[in-house]
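One structure is given here, and the rest of the page talks about it.
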Amino acid sequence: MELPKTYTPKAIEEKWYQYWLDQNFFSSVPDDREPYTIVIPPPNVTGVLHMGHMLNNTIQDVLIRRARMLGKNACWVPGTDHASIATEAKVVNLLDSQGIKKQDLSRDEFLKHAFAWKEKYGGIILEQLKKLGASCDWNRTAFTMDEGYYQDVVKVFVNLYNKGYIYRGMRLVNWDPVAKTAVSDEEVIFSQVNSKMCYVKYAMEDGNGYLTVATVRPETIMGDVAIAVHPDDERYKALVGKQVIVPIVNRKVPIITDSGIDITFGTGCLKVTPAHDMVDYEIGIKNKLPIIDVINDDGTIAPAAQAFVGLDRFVARKKAIAQLQADGLLEKLEDYSHQVGKSERTDAVIEPKLSMQWFLKMKEISEPALNAVVNGEINLIPQKFFNTYKYWMENVRDWCLSRQLWWGHRIPAWYDANGNFVVALTHEAAITAYKEKFSDLYNDAIVLKQDEDVLDTWASSWLWPISVFDGISKPDNAEINYYYPTNDLVTAPEILFFWVARMIMAGKEYRKAIPFKNVYLTGIVRDKQGRKMSKSLGNSPDPLVLIEKYGADGVRVGMLLSSPAGNDLLFDESLCEQGRNFSNKIWNAFRLVKGWETDTTATTPPAALQAIEWFKHKFSEQLNIINEHYEKYRMSDALMASYKLVWDDFCANYLEIVKPAFVDGKPLPVSSEVLAATSRYFEDILKVLHPWMPFITEELWHNLSARKERDCIIVAEWPQMPAADHLLLQDFENAFALINQIRNARNAKGISPKQALKVAHVQSARFLDVTKATIMKLANVSELIQSQMPPELSAAIVIGGSDFYISFGDQLDLLAEVSRIKEEILYNQGFLKAVQSKLANERFVQHAKPEVVAVERKKEADTISKIKSLEQTLVQLKH
RNA sequence: GGGAGCAUAGCUCAGCUGGUUCAGAGCAUCUGCCUUACAAGCAGAGGGUCACAGGUUCGAAUCCUGUUGCUCCCACCA
């Protein structure tokens, strides 16, 4: 059958992915092999595959496939994250578009819609990963809101509560008034905004003038409970302890001091509004000031404000300015540009707001997680993230666990009508606990209501590496004991603290063991202008379109060619093109071999014998290098080394040497020895390529020879080679250098490669013993002999310390040749001078290591002899 | 404001503890080739004061200091 000239991936990818699934090659169960485990960073159920996922998951698949070939029990656990706030926002939007308002639904009704949404869209991203070739154990697909997972999350909550790590309290949190929920610090995005700075006069209570306070938030004036100045501020020292009158509401508040005040900012006076500002809150607590909450959950002004009640905070801001102006209390307005926090999910301006929330004390629980990284138990790759990790962990703040949402794990706390609460796994357990804790309040008619809030998403995903193996509920089960700790985690640096650090905490707390040994942090995929690829910018190509265009293998190679760990990847489609071209190269190498006829009686030509011996060692040498790159997680280096091994060493050199000559327009048959060696080598390079390019390698594996059922490259053994013979490799380096020079000389003189040349050498050249036939074949040399004298009309080159003369007859341009050699002599003389002056430097000879000096001496000797021989050549040419 | 990192060929990046093979790779570019595996290819070639200025050293892309320019993280000023 005639094979197409180019590789066509689509049908092949579908065929083999299905075959792998049918054969269960991805699935893993504990056995006596060494496990190799990766848990996928679960993408949000709302997600569709983007370039970041492509990069991330390709790396994981490469690691998993190689581990599988190394004979390990490779287990890659896939799944999705319920992503409470992101998903709830999507569902709310969808319902909105159908004219359904969330507040008109009961919690159960809403959750029904949400689960329906998850069923419909939640699996899309995993299906997309299959197109990439991801060899996940799909039987293990997990979801952070699976029933078992829910049990684990709740158990952990109760347990942490009982340990005294979780507490409930009023705290100032980042409040999203659109989603009506608290969001974590990490979910607040700061951006530069232009506002008005209002200079507001606060009249002194004693009638002696006023203080001017600068604020961008006049709508919170009604919540002011003090004015703070710096204790050393001479302007106000005399006023401290006196009272001022808060505008609009005419409340008397004290003037206090706080060393945190910046004397140079504004007027040096800060209006203290503890309910609506982080700094003010701290000051309020320190000074035992009252807290007046003037803003409602939805961002409107609360009754406590006594003014502008019910108005949106931004409307109230305008009204407040107008009223201050009318009252003559507005000194001036200035344009002011500053950072304002917005909700990552809803883009609403974050309102610092006091509310009752659940918190996890981080101090104790984070310490083992800090130590695990500090003492090297866990490696961060690359290392540069170590410092940021350390800094963050040393300054960790308590984690606000609660979110005012419905989609998520509902907090397992139960309240009586008076707000007394117990924390328990179930309603029944809550009643029992209540009976114990509040025996005096308990009666049979007691009604306990569960907390309305759900947990922060990360409070479930931090259990991911444990819960996917059911390690919380059944802490001693066979799976968790076998697969945990997992080996490598591949994720984005953005979630190092959100997720990675917290998984380490959970691992240390609940397994007394780290969750993974290595954390490989990928870069961010950016476009050519360096912008992060995002849906909103529309600068991200659709990965599935890329796969369609370049093949999954091509895209995988393209993604990884230029992505060292932790460095951003400036994505360019030309990388995928390079990947596709590489697929094609492999395909055509196969076409060549496939087309060979074999003759069992044919003898193997000397050049082919040499090549067979050479490639064995070349492969061994390169395999070693590739393995080392893998050990160091240098993925793009490992790929590039594989690429060059295949393209340069196997295709350009090995195959060109063993390729049969043509006689009468037909290729000669190859010997069975050549065919066997070539097939073996081809299998080996396919194996090396498989983790990067799973599809084409599987296809060719089967095309190369008839295979039994389940004899697949995906489960083939990673090659093992004896140590390479470096002397032999060096001989071939010399040979290839000579070939290159001959081709170069031919090229420069415009002589066709078809015209055979004669080459002679005067001194003996040992490397020719094992490479002569190869040189003659690749450089199209008809005669390579040792002669007494350099032949006439020849160009001289020096390789491996020997002179070679290429006879060009009358095609040699004598004058050009003479000037070329003169130039070379000049260069070498300059070089010699440098070396000799170095050696003449006594301090160099004294201080430098002896071997370094020896090297210089050798350089000197070599250069002298080189110049000598060049001069001889020159004399020959001239006569 | 605090901290970390980066700066090497047109582009993306390697260069481990200073010294053969230290100035490299891939891509792009240029020249010549449709040579019966592959033009998505073959054979060659040209590209760099290693950001700048000092210092240590016999010797610096590599170590130290400063300058400039980027990037990221953390904290955010009413």
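Lettering follows sequence order; numbering is per chain, from 1.
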Fill in: Under 4.0 angstrom between A:Tyr336 side-chain N/O and B:A78 OP1 or OP2
yes
Item to complete: Quickly work out the A:Ile263 CD1 to B:A78 P distance and round it to whole Å.
Response: 17 Å
Worksheet entry | Between B:C50 and B:G15 - C1' atom distance, rounded Å | 11 Å
Item to complete: Using a 4.0 Å heavy-atom cut-off across all strands, classify A:Lys5 as base, sugar-phosphate, or nothing.
Response: sugar-phosphate
Response to the item:
Taken to the nearest whole Å, CG/A:Leu521 to P/B:G5 is 16 Å
Worksheet item: Below 4.0 angstrom from OP1 or OP2 of B:G5, is there any side-chain N or O of A:Lys384?
Response: no
Worksheet item: Are A:Asp224 and A:Tyr202 linked by a side-chain donor-acceptor pair shorter than 3.5 Å?
Response: yes
Worksheet item: In terms of side-chain geometry, is the basic nitrogen of A:Glu351 or A:Arg217 positioned less than 4.0 Å from the acidic oxygen of its partner?
Response: yes
Worksheet entry | Minimum-distance nucleotide (side-chain atoms of A:Ala652 versus B:G19, B:A37, B:A43) | B:A43
Item to complete: Go through B:G19, B:C72, B:A4 for me and flag the one nearest to the A:Asn387 side chain.
Response: B:A4
Item to complete: Check the distance between B:C11's P and A:Glu577's CD and give it to me in whole angstrom.
Response: 20 Å
Practice prompt. Decide yes or no for A:Phe590 and A:Ile696: does some side-chain heavy atom of the first lie under 4.5 Å from some side-chain heavy atom of the second?
Written response: no
Worksheet item: So what does A:Asn395 hit on the nucleic acid, given a heavy-atom distance under 4.0 Å: a base, only sugar-phosphate, or nothing?
Response: nothing
Item to complete: Looking at every strand, decide which applies to A:Arg580 at a 4.0 Å heavy-atom threshold: base, sugar-phosphate, or nothing.
Response: base
Worksheet entry | Side-chain ion pair, A:Glu597 and A:Lys666, N-O less than 4.0 Å | no
Worksheet item: Taking the six-membered ring of A:Phe732 as reference, does the NZ or CZ atom of A:Lys618 fall below 6.0 Å from its centre and within a 45° cone about the axis?
Response: no
Practice prompt. Using only side-chain N and O atoms of A:Asn584, determine if any of them is under 4.0 Å from OP1 or OP2 of B:G41.
Written response: no
Item to complete: Please check the phosphate of B:G2 (OP1 and OP2 only) for any side-chain N or O of A:Trp392 closer than 4.0 Å.
Response: no
Worksheet item: With respect to the phosphate group of B:A45, does any side-chain polar atom (N or O) of A:Asn744 fall under 4.0 Å of OP1 or OP2?
Response: yes
Worksheet item: How many Å lie between CZ on A:Phe582 and C1' on B:A40, as a whole number?
Response: 13 Å
Response to the item:
With the side chain defined as heavy atoms from C-beta on, A:Val855 is closest, among B:G26, B:U20, B:G19, to B:U20
Discussion item. What contact category does A:Gln741 fall into here, base, sugar-phosphate, or nothing, at under 4.0 angstrom with non-hydrogen atoms?
Written reply: nothing
Discussion item. Does the structure show a Watson-Crick or G-U wobble partner for B:G1, both distances under 3.5 Å? Name it, or say none.
Written reply: B:C74
Worksheet item: Across the strands shown, which category fits A:Lys644 at heavy-atom distances under 4.0 angstrom: base, sugar-phosphate, nothing?
Response: sugar-phosphate
Worksheet item: Do NZ/NE/NH1/NH2 and the carboxylate oxygens of A:Lys858 and A:Asp862 come within less than 4.0 Å?
Response: yes
Fill in: Atom-pair distance (CZ on A:Phe571; P on B:C13), nearest Å
14 Å
Item to complete: Would you mind pulling out the nucleotide paired to B:C22, Watson-Crick or G-U wobble, both distances under 3.5 Å?
Response: none
Worksheet entry | Any N/O donor-acceptor pair, A:Gln383 side-chain to B:A4 base, under 3.5 Å | no
Discussion item. Does A:Asp572 reach a base, just sugar-phosphate, or nothing at all? Heavy atoms under 4.0 Å.
Written reply: nothing
Worksheet item: What is the nucleic acid contact for A:Asn747, judged by heavy atoms within less than 4.0 Å: base, sugar-phosphate only, or nothing?
Response: base
Worksheet item: When we call it a touch if two heavy atoms are under 4.0 Å apart, what does A:Ile261 touch: a base, just sugar-phosphate, or nothing?
Response: base
Discussion item. Rounding to an integer number of angstrom, what distance separates B:A61 and B:A53 when you compare their P atoms?
Written reply: 13 Å
Worksheet item: Taking for each residue the nucleotide of RNA chain B with the nearest heavy atom, is it A:Phe831 or A:Ala214 whose nucleotide lies nearer the 5' end?
Response: A:Phe831
Discussion item. Suppose you measure atom C1' in B:A14 against the same atom in B:A7; what distance do you get, rounded to whole Å?
Written reply: 15 Å
Worksheet, complete the sentence: Closest to the 5' end of RNA chain B, once A:Gly665 and A:Asp648 are matched to their nearest nucleotides, is A:Asp648
Worksheet item: Can a side chain N or O of A:Lys749 be found less than 4.0 Å away from OP1 or OP2 on B:G32?
Response: no
Worksheet item: Which part of the nucleic acid, if any, lies within contact of A:Tyr643, taking any heavy atom under 4.0 Å across all strands shown: a base, the sugar-phosphate backbone alone, or nothing?
Response: sugar-phosphate
Worksheet item: Which part of the nucleic acid, if any, lies within contact of A:Arg634, taking any heavy atom under 4.0 Å across all strands shown: a base, the sugar-phosphate backbone alone, or nothing?
Response: sugar-phosphate
Worksheet entry | Any strand: nucleotide that pairs with B:A45 via Watson-Crick or wobble, under 3.5 Å | B:U29
Practice prompt. Could you please name the option among B:A43, B:U21, B:C58 that lies closest to any side-chain atom of A:Lys859?
Written response: B:U21
Discussion item. Just the rounded figure in Å: distance from C1' of B:U36 to CG of A:Leu3.
Written reply: 15 Å
Item to complete: May I have the distance from A:Arg743 (atom CZ) to B:C33 (atom C1'), rounded to whole angstrom?
Response: 13 Å
Worksheet item: Which part of the nucleic acid does A:Trp647 contact within heavy-atom distance under 4.0 Å: base, sugar-phosphate only, or nothing?
Response: sugar-phosphate
Discussion item. If we ignore hydrogens and angles and just use 3.5 Å, is the side chain of A:Asn780 paired with the main-chain N or O of A:Lys754 as donor and acceptor?
Written reply: yes
Worksheet item: For A:Gly551, which contact category applies under a 4.0 Å heavy-atom criterion: base, sugar-phosphate, or nothing?
Response: nothing
Worksheet entry | Short N-O contact, A:Lys286 and A:Glu282, less than 4.0 angstrom | no
Worksheet entry | Rounded distance (Å) that lies between atom P of B:G26 and atom CG of A:Asp637 | 13 Å
Discussion item. Classify A:Tyr391 by what it touches in the nucleic acid, base, sugar-phosphate, or nothing, heavy-atom distance under 4.0 Å.
Written reply: sugar-phosphate
Worksheet item: Which of the following nucleotides, B:C42, B:A78, B:C58, is nearest to the side chain of A:Val216?
Response: B:A78
Discussion item. Keeping A:Lys549 on the side-chain end and A:Cys576 on the backbone end, is there a donor-acceptor pair under 3.5 Å?
Written reply: no
Worksheet entry | Syn or anti conformation of B:U49, syn meaning chi within 90° of 0 | syn
Worksheet item: Given B:G41, is OP1 or OP2 found less than 4.0 Å from the side-chain N or O atoms of A:Asn588?
Response: no
Fill in: Partner nucleotide of B:A60 by Watson-Crick or wobble geometry (both distances under 3.5 Å)
none
Discussion item. Does the structure show a Watson-Crick or G-U wobble partner for B:U67, both distances under 3.5 Å? Name it, or say none.
Written reply: B:A51
Discussion item. Applying the Watson-Crick and G-U wobble criteria at under 3.5 Å, what pairs with B:A9? Answer none if nothing qualifies.
Written reply: none
